[in-house]
J.: 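One structure is given below, represented as structure tokens, and several questions about it will come after.
Please read these numbers as outputs of a predicted model, since none were measured by experiment.
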Amino acid sequence: MQSRHAVRFSPRILFRALGLSLALSAFSVMVWAQASSFQDSSSQSSPSRDLSTPAPSKQSGVSSSSRTESGEPVPLPETQVAPRPNAAQLAAIPAAIDPTGPTISLETSEAMFDVMAALNTCGYNEGLSISDPVRQKVRDDIAEALQQSAAARDSRDRLCAFIHSHTMNGVSVNLAAYVSLALFLTPPPELTTNVSASDLPPDAATLVGLPSPLRNFSQAVDLHVIWVLNHPAYEALANKVRTAMNQMLIQTDLYLKQPPATNGSRRFLVIVDPLIAPGEENARVYGGDYIVVSSPANGKIDMKPVKHTYLRFVLEPLIYARSESIDQLRPILELVQPSPLPYIYKSDVLTLVTECMIRAIEAHSMDTGVPVYKIPAHIDRNQLAAVDKAENEYEHAVADVRHQAVYDDMVQGFILTQYFYDQLRGFDQSPRSLPEMVGIMIYGMNVDIEKHRVQDIVFASQTDQNVAMPVAPQSAALDEAENKLIAGDTGAAAQLAQQALDRHTGNPGRAHFILARADIMSGKMDAAVQEFTEAAKVSHDLRTIAWSHIYLGRLDDVQGERSAAIAEYQAAMQSRDGRPDTSQAAEAGLKSPFAPPQAARQGSKGQDDTSDDGAASSH
């Protein structure tokens, strides 16, 4: 890019003019929220969003019960757009997803089997005593093969050496990374990633060296033969789980008054693998594809995380279509700052609204566990009062369980759950459709009333297991960098982001994006261009990519480089972020050049070269 010297602006005013103050807004945090991710996860994610972490943006990778950051269409391959590399290589969908397959499915995966077999061989013993018997059977088959071959034992040693040297803090975090990689592995015998190493989700990218020793191990112990021998047991388990899942989906669709999803480019996939410890749930979002990996116990899996992810699959497109209106609810975020919620919920109103709505629906449609009261077939007139009393007691007992669930969510920090729960009363009996109801709830919310409702809430001291997200240390550091940037401490924010890069963070795109905004606020425009360019190049987050290009385009427009700006806006359009605000910003840039408000120009004229905001004369 040519050097920028034609026009000077106050960096802080220009920062706002360019829209970079979106760091303080809800939707922009989706850029860097991760897991996991639904970290991610979840949750992401951001890397693959592990949905325990909202997840947000697609690909996210931190495990959670959340997005993130979702609802974007399935990413499609992109062409390179001049003048800078466009990093939507992550447009590739996971190898586990069949683009021509059914919209909703439950499957087993041989690639997942191979990765989990490797972990079991190398010391992953969590939940073994309560696992389905097929897990021990697979371990015994592998042990027998190892006993018969020195070459197989050598391949095992090399495989385990890799796994032991790539162990992360926490069993769930460690498992999540291997699950993430397995979703991008092609079936044996290839066992190669279906995208380049640079395009893997950040957590999976840390394990990019696994396929080679895994492939050698698989061949040495004839792992495919062991898979074939145990596949009937896998399918028997899958069939049991499939029946229960179908029942859950039917009940959920009936409540939502939604026809089953049968077409389109989005996918909802559940993968069952009994080699994973029972109770471990890993939910992720990649573009428009939602994946849950789970392990059955006694032929059953916990359907709550599956239902939670399915509700996200259904609701996120409806909610994100109204992102501009939801953005007006940002003052709500002030109220959740003292709560124990993960950072993403405290900084992104879209994610908070989505999670609260999901939890309200769950409270209305949950199995309360209260025995259903059945009116006797034959009753005398003198028994009517007793029957009426019994019915009322049953209804009150059910209501108490539902209200307790809502209360528990509220004290966790999901402070809009009560509002959505109240709005949804009678929804199942009303003629309104789900899209209509979502619109009514969002457009009808009064922020002042909700502030008053929650002002006396005493938040819990810590999150429950359904909220807590395993976060890598680098992610925590970048969260702190975001907080520093919001507080205006650009030096500390830049230092934390640079430290994350120096330590080879799993989310370099987010780190570069933080550095770019810190540079803008510090008046280092050329440095900001370099950082935005790098963010667009290396990020695994569609939203980070899109907005990096948008901001580069705006900087080009400010300098009168219209052709370069158009290329950037086109690159943003092709990044497949899919959010309305992204497409609107990119389309506006294509329609006419971006120009800072007059206040920005006037502000720059009234400052000398040594002003406190750090403007440099070369800009």
J.: Would you say Arg554's side chain and Phe594's backbone share a donor-acceptor pair under 3.5 angstrom?
T.: no
J.: Tell me whether Arg266 forms a cation-pi arrangement with Phe313, defined as NZ or CZ under 6.0 Å from the six-membered ring centre and within 45 degrees of its axis.
T.: yes
J.: If you count the non-hydrogen atoms of other residues, nucleotides and ligands that lie under 6.0 Å from NZ in Lys304, is the total more than 12?
T.: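 Count not over threshold, so no.
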J.: Kindly compute the distance separating CG (Asn194) from CG (Leu200), expressed to the nearest 0.5 Å.
T.: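 Result: 8.0 Å between the selected atoms.
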J.: Examine distances only and state if a side-chain atom of Ser180 and a backbone atom of Ala176 form a donor-acceptor pair shorter than 3.5 Å.
T.: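 No; zero donor-acceptor contacts below 3.5 Å.
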J.: Please identify which of these residues, Met437, Met445, Gln418, meets the side-chain contact (heavy atoms from CB on, under 4.5 Å) condition with Gln423.
T.: Met437
J.: Could you list the residues that satisfy side chain to side chain contact (heavy atoms under 4.5 Å, CB included) with Gln328, not counting sequence neighbours?
T.: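 Scan of Gln328 (side chain to side chain contact (heavy atoms under 4.5 Å, CB included), adjacent residues dropped) gives none.
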J.: Backbone N or O of Ala536 within a donor-acceptor pair of the Ser539 side chain at under 3.5 Å?
T.: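 Here the side-chain-to-backbone pair does not exist.
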J.: If the condition is ring-ring contact (aromatic ring centres under 6.0 Å, His included), which residues does Tyr421 pass it with, not counting sequence neighbours?
T.: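 His364, His403.
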J.: Out of curiosity, Met410 CE to Ile457 CD1, how far, rounded to the nearest 0.5 Å?
T.: 3.5 Å
J.: Could you work out, with side chain to side chain contact (heavy atoms under 4.5 Å, CB included) as the rule, every residue matching Ala565, not counting sequence neighbours?
T.: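 In terms of side chain to side chain contact (heavy atoms under 4.5 Å, CB included), with neighbours along the sequence ignored, Ala565 is linked to Asp556, Asp557, Arg562, Tyr569.
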J.: Rounded to the nearest 0.5 Å, what separation is found between the CD atom of Glu450 and the SG atom of Cys356?
T.: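 It comes to 10.0 Å.
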J.: If we ignore hydrogens and angles and just use 3.5 Å, is the side chain of Glu436 paired with the main-chain N or O of Ser433 as donor and acceptor?
T.: yes
J.: How long is the straight-line distance from CD1 of Ile514 back to CD of Glu482, given to the nearest 0.5 Å?
T.: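 One gets 3.5 Å once the value is rounded to the nearest 0.5 Å.
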J.: Atom CD1 of Ile358 and atom NE2 of His308: how far apart are they, to the nearest 0.5 Å?
T.: 4.5 Å
J.: For Tyr407, what residues pass the ring-ring contact (aromatic ring centres under 6.0 Å, His included) criterion, not counting sequence neighbours?
T.: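 For Tyr407, no residue satisfies ring-ring contact (aromatic ring centres under 6.0 Å, His included) once neighbours in sequence are set aside.
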J.: Between Arg267 and Pro99, is there a donor-acceptor pair closer than 3.5 Å when you use the side chain of the first and the backbone of the second?
T.: yes
J.: Strictly distance-based, threshold 3.5 Å: is any side-chain N or O of Lys257 a donor or acceptor partner for the main-chain N or O of Leu434?
T.: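 Side chain of Lys257 to backbone of Leu434, a donor-acceptor pair under 3.5 Å: no, none is there.
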J.: Ring pair (Phe, Tyr, Trp, His ring centres under 6.0 Å) with Phe414: which of Phe459, Tyr345, Phe420, Tyr419?
T.: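 That would be Tyr345; it is the only one of Phe459, Tyr345, Phe420, Tyr419 passing the ring pair (Phe, Tyr, Trp, His ring centres under 6.0 Å) with Phe414.
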J.: Apply side-chain contact (heavy atoms from CB on, under 4.5 Å) to Tyr286 and Ile93, showing your working.
T.: CA-CA 7 Å; Tyr286 302 92; Ile93 60 178; 6.0 Å; no
J.: Under a 4.0 Å threshold between the charged nitrogen and the carboxylate oxygen, would Glu362 count as salt-bridged to Arg359?
T.: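 Result for this pair is no, no salt bridge flagged.
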J.: With sequence neighbours excluded, tell me which residues meet side chain to side chain contact (heavy atoms under 4.5 Å, CB included) with Glu587.
T.: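 Only Met573, Ser583 meet the side chain to side chain contact (heavy atoms under 4.5 Å, CB included) criterion with Glu587.
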J.: Quick one: list whatever passes side chain to side chain contact (heavy atoms under 4.5 Å, CB included) with Thr252, sequence neighbours left out.
T.: Met248, Leu256, Lys307, Tyr310, Leu311
J.: At what distance, to the nearest 0.5 angstrom, does CG of Leu352 lie from NZ of Lys346?
T.: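 Rounded to the nearest 0.5 Å, the CG-NZ separation comes out at 11.5 Å.
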